[in-house]
Each structure stands twice: as structure tokens, then as C-alpha cells.
Amino acid sequence: MKFEDLNLLKNIQQALADEGYEAPTPIQQQAIPIILEGTDLVGCAQTGTGKTAAFAIPILNDLHPIVGSAKKRKYIRTLIITPTRELALQIGESFETYGRYTNITQLTIFGGVNQTPQTDQLKKGVDVLIATPGRLLDLHKQGFINLDHLHHLVLDEADQMLDMGFIHDVKKIIKLTPDNRQTLLFSATMPLAIRELADTFLTNPKYVSVTPVSSTAERVKQQLYFVDKSDKRKLLYHLIRNENLSNVLVFTRTKHGADNVVKALKKNGVNSGAIHGDKSQSARVKMLDAFKNKEIGVLVATDIAARGIDIENLPYVINFDLPNIPETYVHRIGRTGRAGNEGLAISFCSKDELPYLKDIEKLIRLKIKVIEGHPYPFPETTCEPQQEKKPDLRNNNKSAQRNGKSKSRKSEGSKKNKKRWY
Ligand code: AMP
């Protein structure tokens, strides 16, 4: 399928051609016709599948004839709710890019920054508003936002909004919009609460789904390093130096962890920076730009800060800490191997993270390739995780006989443990 087959306006097709997009991605092929016919939609797709364009393109196509000349009075016609500032900014950029040959105006609003520039823009009028839930409700309460003329409501990364505790805010926002709106809901996973949200607030939606979250991108090579917690920083530095890695996105579980990794890397002369919730919005944007422009080679991020950030051609993702939510692993490694490029996802696993590894491998239905022979292997004697430890049969012959287990069987098990730990 080509974009020409989708019945899009010429000025939108031109913008896509400018971007070098040759063909719609699977989510775009499925979602664009449904959105253009005005039907509600539930899209199960993760970042990296082209889902932003899947809703931005048909929405711009719809709005262009309505918005008309630049002088016409502006109303908010499209509202996009998204969980993080980074994602909001990225969606804003997409609307700007694909709508460059239209008069459609758009504004991105989020908390943590002065509201005046945002309210000044709102007073002038915008067609498309991209917002995080808290700031939207705040400015609505102050009377700066009127949603009476809304055509499209998009709930983006709905599962993440749920995880971040925004579900009540989202419901409040939906109730501020007209009943005859078109509602589009996108989510990487479909937990029950999201299906209930869709059942309650969408009208006869059509469902589309691409790359279920349990299947990791085929182009991403995955590797696992068993390493002692205290050696993780050394291993990271070793890989960056010896394997000559640059353009690396490193994930840590905590903000403090992210700062510590950056400190250690900088001490060893590796140009790096962190983005996380304690950094100001401008510091985060600056750091992301520095990473994109290759001024820094390593960006260390927490999940919330990194969610949805789009860095083109990212070759390496390193899970410095394994996430405790297995789906997060899939989201993380989805940062690499995009748009036809190959990617490498390296994960460090310390003893306390073994249960997380089990959950991840269960979800992706794959044993991640273990890299052995690196300089910081986990001490062999402590390889067995606590909960997997069997009774010591050598000093308990009776129980050994009762269980019908022999020494040789035990040593066979140990060999296995050496390789996989469990
Ligand atoms: P998203 O899933 O929205 O985060 O998009 C992932 C990346 O795919 C972004 O960098 C988009 O610019 C890019 N992209 C979206 N649609 C296409 C397309 N049809 N052809 C090539 N790249 C695309």
C-alpha cells in the first residue's frame, strides 16, 4: 500500500514525501481509513510503530477543510491527551511536520513550566491541543480552555496514563468534551482497566492491533550479562570503551541511579547526561537535543522520562537495571531497531533481579542470549538464587535417599545453573 491509496489531501501527502515516508506502516494502513470515516478506534500499538502519524495524518486531513484560511476563528477541534511532556512535545512536532502545508495551528501544554506562554497562545486560539492531563485540567479550571467545539479526542499511551495514576483525570477530561466527538484510544497493552475505559467512553469502536507487546522487535538483538550489582558501572564503562559504543540509551530504575551512572561515566571521561523527573523541563529538552545531536554519547534515563521519546536510528539500549514490570522491557528495547535499522539491547542482571528476568523471558517467550566471558561475571558460588536453592543433600543422605536424588543429579543441575542461574 502507498500513501496515495489512502485518499489523503495533496498538501498532506507532500509533507509525508518531504519526510521521506514511502509507505504507511501497518498501524497507519489499518487506522487511517477508519479514522477518516469518522469511526471511534482502539489501537493496540507501541511507540516505534508509527502510531503518532497513524492518528495525526487523518486528523490533519479532517481539519484542513474545516480550518480553512488563517483568519478564520480558531476553536480547539482536536485534543490529544498524553502522559508525559516528552511525548507531548513529540506529538506536537509530528503535527507541525505533517501539517506544514496547512493553516492548522497547534499547541503543546504540560506542567512544570510557567503557564503564561501557554495561556497567551490559548487566547489567540489553536486548532489542535496536545496536553498532559494535570495541566489541561488546571488551565480548564482557570477558564482558558473550551472544549465545546471538539471533533477528535485522542487518548495516547492509555496504559501508561493508567500506570501513572492519571485515570481519574482522564475520565474528568472526557466528561468535558461533547458527546458527538470521535474518540481514538491508543495503548501498548490492553489491561482490563483500559478495555473498560474504551467500553465506557467510545462508541462502537473498531479495534486495530500491531506488534503485540509480547513480541519484541525482530530487528533488535538482545543480550544478557549476569553481573554483580556493584560491578554494573564498571561493566557499562567496559562495554562503552571496548565495544566502542556511542549513541547509547541507558535505563536505570531510579533517578538517583541515573545520576550515579552519569557521575561514574563522566569521571571516566565518557560524555553523558541524565534525564529524569527531578530535572527541569528545559534541562531535559536540552539533554535530549544534545544526545540527538551527538554532543553526548550516552543518555541515562528513567522509564517515565524516556517513555515515548523518539530518537531516530538509536543503535544501542542498555538496561542497567532490569525493570520490575516486564512490559517495560519491551517498551525500552523498542527504542532501538526502528524504521528498518538494526539495534542491540543489552541487559544487566544482578542476583536480586532474577525474578524480573524470569517474568521478562516469559512475556517475550524467549531466552535472552547470555554473554559469558566478560570481565565482571557474577561469582560462581553465589550464582544460585536464594529461592531456587535445594537442600544440601551431601549432608543429609537419608533425605537424599527419600527423594531419590543422587549427587550426580545435583552436579548436573549446578552445571546448568552456571549457564542460566536457574
Ligand atoms: P511513533 O511510533 O509514532 O513513535 O513513530 C516512530 C518513528 O517512525 C518516528 O520517527 C516517525 O517519524 C517514523 N515514521 C512514522 N511513519 C512512518 C512511515 N510511514 N515511514 C517511515 N517512517 C515513519
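Counting starts at 1 for both ligands and their atoms, following the listed order.
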**Q** Is it the side chain, the backbone, both or neither of Gln28 that has a heavy atom closer than 4.0 Å to ligand 1?
**A** side chain
**Q** Considering Phe186, Phe55, Tyr98, Tyr21, which one's heavy-atom position lies nearest to atom 23 (C) of ligand 1?
**A**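 Minimum heavy-atom distance to atom 23 (C) of ligand 1 goes to Tyr21.
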**Q** Return all side-chain donor-acceptor pairs below 3.5 angstrom for residues 198-207, not counting sequence neighbours, or 'none' if the list is empty.
**A**
{"from": "Thr200", "atom 1": "OG1", "to": "Glu196", "atom 2": "O", "distance (Å)": "2.6"}
{"from": "Lys206", "atom 1": "NZ", "to": "Glu37", "atom 2": "OE2", "distance (Å)": "2.9"}

**Q** Is Ala23 close enough to touch ligand 1? Criterion: a residue heavy atom under 4.0 Å from a ligand atom.
**A**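 The answer is yes, since Ala23 has a heavy atom less than 4.0 Å from ligand 1.
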**Q** Looking at Thr49, which atoms of ligand 1 are within less than 4.0 Å of one of its heavy atoms?
**A** 2 (O)
**Q** Check the side chains of Thr328 and Asp303 for a donor-acceptor pair under 3.5 angstrom, ignoring hydrogens and angles.
**A** no
**Q** Which of the atoms in ligand 1, numbered in the order shown and given with their element, are less than 4.0 Å from a heavy-atom of Phe3?
**A**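 Ligand 1 atoms under the 4.0 Å threshold to Phe3: 19 (N).
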**Q** Is it the case that Asp127 and Thr105 place a side-chain donor and acceptor less than 3.5 Å from each other?
**A**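 Judged by distance alone, the side chains do pair up.
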**Q** Does Glu19 come within less than 4.0 Å of Arg100, counting only side-chain N to carboxylate O?
**A**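 Between Arg100 and Glu19 there is a salt bridge, with a charged N closer than 4.0 Å to a carboxylate O.
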**Q** So, the side chain of Ser230 versus the backbone of Asp228: is there a donor-acceptor pair under 3.5 Å, distance only?
**A**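 Not a single qualifying donor-acceptor pair exists.
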**Q** So, regarding Glu22 and ligand 1 (criterion: nitrogen or oxygen to nitrogen or oxygen, under 3.5 Å), is there a contact or not?
**A**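 No: no nitrogen or oxygen of Glu22 is under 3.5 Å from one in ligand 1.
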**Q** So does Lys51 pair up with Asp156, basic N to acidic O under 4.0 Å?
**A**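 Result for this pair is yes, salt bridge flagged.
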**Q** Can you list the atoms of ligand 1 that are under 4.0 Å from a heavy atom of Thr52?
**A** 1 (P), 3 (O)
